[in-house]
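A note on names: the letters A, B, ... follow the listed sequences, proteins ahead of strands, and every chain is numbered from 1. Just so it is clear, the values below take in all heavy atoms, side chains as well, and ignore hydrogens, waters and symmetry mates. Since we're looking at a predicted model, the values are computed, not measured.
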Amino acid sequence: MDGGSLQITGLTKQYSGVKVVSEVSLTIPSGQFFSLLGPSGSGKTTTLMMVAGFADPDGGRIAFKDRDITHLPPQHRNFGMVFQNYALFPHLSVAQNVAFPLQVRGEKKAVVAERVAWALDVVRLTGFEARLPGALSGGQQQRVALARAVVYEPPIVLMDEPLGALDKNLRYQMQVEIKEIQKRLGMTVIYVTHDQEEAMNMSDMIAIMNHGQVEQMGVPTEVYEHPSSIFAGKFLGEANLIVGDVNGSGPRTLTHGEVRFDAARSIVDPTLTSGGRHFIRPEKIGIDKAGKIPGNSGDLNRVIGTVRRVSFLGHLVRYGVDIGADDLLTVDAHNNGDHVIFADGEDVAAAWHPRDSVLYHHG
Amino acid sequence: MADVAGDTVAGRQRGTGLDLARLDPAVLAIPMAGLLLFMFVAPIIWFFIQTLSETGDSLAAIAGTVWGVLSSSTIRGVIIHTNWISLIVTMVALIVAYPIAYTMTRVKGLLVTLLIMSVVLPYFTSIIVRTYSWMVILGRQGLLNDLLLGIGLVDEPVSFMYNTFAVVIGMTYVLLPYLVLTLYATMRGIDPNLLKAARGLGASGFYIFWRIYLPLTLNGVFAGCLIVFILAIGFFVTPALMGGPKDVMIAMLIERDVELTQNWPLASIMSLFLLAVTLVLYAIYYRFANIEKMMG
């Protein structure tokens, strides 16, 4: 599949006066798995629909290989598309569904047969040619939709929550499979999802969307470890946000009563009206008996507290520790054999490194 | 029960009163089934037995008479003409109804209500009223002729009335709602994402219609056409009022034999034929309806 990047500049769409997508700008390089991640109503699907050509932008520009396609009808964009509920043609067999885009393009019969066989082999559905979509399971229907979207080797494949209707185990299996196919064929994929684990598992790049805007864009590890806003931090996974004051005691220090929390970085978050939030992920926090200090290096943030909640999740134990702050401190301890599970009411000490923390303040 | 306010649970526990919720639904159909049986099915069977037994002493003799009647050139002509008119009406109704039903699925809000009203309201109006209103439009001094004369397109009134053309126009109009509503229901059931997907995969509007939309509406087309055809072959009022001397349909022939010539056996044979054709077509329709359910 040939290269060429997709460039979105200042893309805006409004429905009855409300901006659902507002000044979105993205560059998606060729061959990349790019996810638009966000809650419902964040504008991610509308953005995808504008890229597909099903929604007409009110402002901004979409360019592919330096060619303006902002208002080009969808049938002339030559992009592949996988819909949430598959949108398979119910009266056509699996082979006829996959052949459809080739027949539209006037391919010769022999070419069609060869390409269909290839695409069904890619999604491991050889032998299902004559079945009707209604006789397939959800996962199989998803694969037919995928085969139909890649059979004519479009430069970009757009996917709108393609795994939304599948159960959890199948979702994970399909994530791995789609990612594997994408790498093998070198496809550019723009993928819309509200599932942060799915986005992190599959993507080369993630754009987190909120209120019609891109909140943060980056590789999965970067957006997870260094969220640029409280929203991004909370959306990508479990997060502690300790409320406190930011006055005086250092540029990246938050105080809550007598306790000081240091962070390696500080970021202005406009959603805050006063004070600050000290951000730390639960798995970065060490936990030990009261009196002992978990971890071994210096300059740690340290608190003592009382266990108020114990959730045994198998691979980890999740604690809720009362440290005198507004919320319980969530701490994830790996259930790795060395860890002795603390009981409800036990006094513990918790510590974490400032490099794993971010201070959000109102600026 | 003295305790009017007592709830149904208490009533059940005491074992008093009729608990409607526990009744088999089939039981509820008994009054309706009884009514149909005694007022409709039984009289028809009685009528057939009475009248047909006059035409011969044995079953073979009766069958011979029936065959003789149905193969006589007059009646065969009427049967062919009835089917021919019904077929044309069905085709014209389909051509008119398909775009109307499609438009109804595309428009929103007040417009869709208006469209549905304009389709359904005539449906609740008497056939006679609707037929006469077309006579007002198509007559020699009717609205259409006034218009054509007024703009000078013709020099003298055109005969729109009392011919097969008038019958087709009138019947199509009367039967249109059945087809529009059947098609509308089918079209509403089509996932709009399918058409989006087809467009996204590169198909043009005509190609999408031909490969996706039309095939998905075919069940509705067949079902709707069968309903219209079934109703059309039994039509009486519209062809009687708007047709010419040649436009005799089976129902008119039956009426003539019952009312004028009092030849009840002949009327009976033709009724039996009409009923048989209707039941066969209905069986086909039922199969289609079931297939549609299976696929949906």
Decide yes or no for [X] and [Y]: does some side-chain heavy atom of the first lie under 4.5 Å from some side-chain heavy atom of the second?
{"X": "B:L194", "Y": "A:P90", "result": "yes"}
{"X": "A:L92", "Y": "B:R211", "result": "yes"}
{"X": "A:R77", "Y": "B:R199", "result": "no"}
{"X": "B:I212", "Y": "A:H91", "result": "yes"}

*asked:* Once rounded to the nearest 0.5 Å, what's the spacing between atom CG of B:D191 and atom OH of A:Y86?
replied: 12.5 Å

Might you confirm whether atom [atom1] of [X] has over 12 heavy atoms from other residues, nucleotides or ligands at distances under 6.0 Å?
{"X": "A:D167", "atom1": "CG", "result": "yes"}
{"X": "A:R67", "atom1": "CZ", "result": "no"}
{"X": "B:Y282", "atom1": "OH", "result": "no"}

*Apply side-chain contact (heavy atoms from CB on, under 4.5 Å) to B:L201 and A:M81, showing your working.*
CA-CA 7 Å; B:L201 293 167; A:M81 178 101 199; 5.9 Å; no

_Closest contact, heavy atoms only, B:G200 versus A:Y152_ =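 Answer, listing the atom of B:G200 first, then A:Y152: O-OH, 3.9 Å.
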
*asked:* Quick check for you: among A:G134, A:A87, A:G53, which has the greatest number of heavy-atom pairs under 4.5 Å with chain B?
replied: A:A87

*Tabulate, in ascending numerical order, the residues of residues 98-108 of chain A having at least one heavy atom closer than 4.5 Å to a heavy atom of chain B, or enter 'none'.*
A:F100, A:P101, A:Q103, A:V104, A:R105

*Of the backbone (N, CA, C, O) and the side chain (C-beta and beyond), which part of A:F79 lies under 4.5 Å from a heavy atom of chain B, both, or neither?*
backbone

_Test your reading of the model: is there a side-chain donor-acceptor pair from A:H76 to the backbone of B:G202, 3.5 Å cut-off?_
no

